[in-house]
Amino acid sequence: MGIIIKPIVTEKMTAITEKMPNRYGFRVSPDADKFEIRKAVEEMYNVHVVSVNTMNYSGKRKTRYTKSGIISGKQAAFKKAIVTLKEGETIDFFSNI
């Protein structure tokens, strides 16, 4: 499994990218550090990374009431990285669709 799992393309992340056009979000491997994330993004997208900020999200308990009873489960824990690129560089996630 690689360092970068997938890019984050949500309304909140799109708003951040519109406000600061050189910031992008990625869901990354939980054991990856900032240097590994920087290297992986630079190799994958051919850009220069200025900084990497990481956040760990813990899994949350979820409960649903159904006709057959209460169903309990857990949402998966994950790590998110916000990558800031060099001024003027961009990443196009939709170029190869």
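Interatomic distance, CE of Met44 versus CD1 of Ile91, reported as 10.0 Å (0.5 Å rounding). Note that CD1 of Ile82 is 6.0 Å distant from CD1 of Ile8, once rounded to the nearest 0.5 Å. In this structure, Ile3 CD1 and Phe35 CZ are separated by 13.5 Å, a value rounded to the nearest 0.5 Å. In this structure, CG in Asn22 is found 10.0 Å from OG1 in Thr90, a value given to the nearest 0.5 Å.
Closest of all the heavy-atom pairs between Ala32 and Glu36 is CA-OE1, 3.3 Å. What you find for Gly59 and Ala77 is that their closest heavy atoms are N-CB, 3.5 Å. Closest heavy-atom contact between Ile37 and Val83: CG2-CG2, 4.4 Å. Considering all non-hydrogen atoms of both residues, Ile5 and Ser29 come closest at CD1-N, 3.9 Å.
Grouping the Ile, Leu, Val, Met, Phe, Trp and Tyr side chains by contacts below 4.5 angstrom, directly or via other members, places Met20 apart from Val9. Val50 and Tyr24 fall into different hydrophobic clusters, defined by Ile, Leu, Val, Met, Phe, Trp and Tyr side-chain heavy atoms under 4.5 Å apart, directly or through other members. One hydrophobic cluster, built from ILVMFWY side chains closer than 4.5 Å, holds both Ile16 and Phe78.
Applying the side-chain hydrogen bond (donor to acceptor under 3.5 Å, both in side chains) test to Arg38 and every residue at least two apart in sequence or in another chain returns nothing. Under the ring pair (Phe, Tyr, Trp, His ring centres under 6.0 Å) criterion, Phe26 pairs with Tyr45, Phe93, not counting sequence neighbours.
Sorted by first and then second residue, the side chain to side chain donor-acceptor pair (under 3.5 Å) pairs involving residues 56-71 (not counting sequence neighbours) are Tyr57-Lys80, Thr66-Ser68.
Side-chain atoms of Arg23 and Thr84 include a donor-acceptor pair closer than 3.5 Å.
Residues His48 and Leu85 have side chains not in contact (no heavy-atom distance under 4.5 Å, counting atoms from C-beta outward). Taking 4.5 Å as the limit, every side-chain heavy atom of Glu42 sits out of range of all side-chain heavy atoms of Asn46.
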- Task: Kindly indicate, with the supporting measurements, whether the criterion side-chain contact (heavy atoms from CB on, under 4.5 Å) is fulfilled by Thr54 and Lys34.
- Result: CA-CA 7 Å; Thr54 59; Lys34 292 183 180 187; 3.8 Å; yes

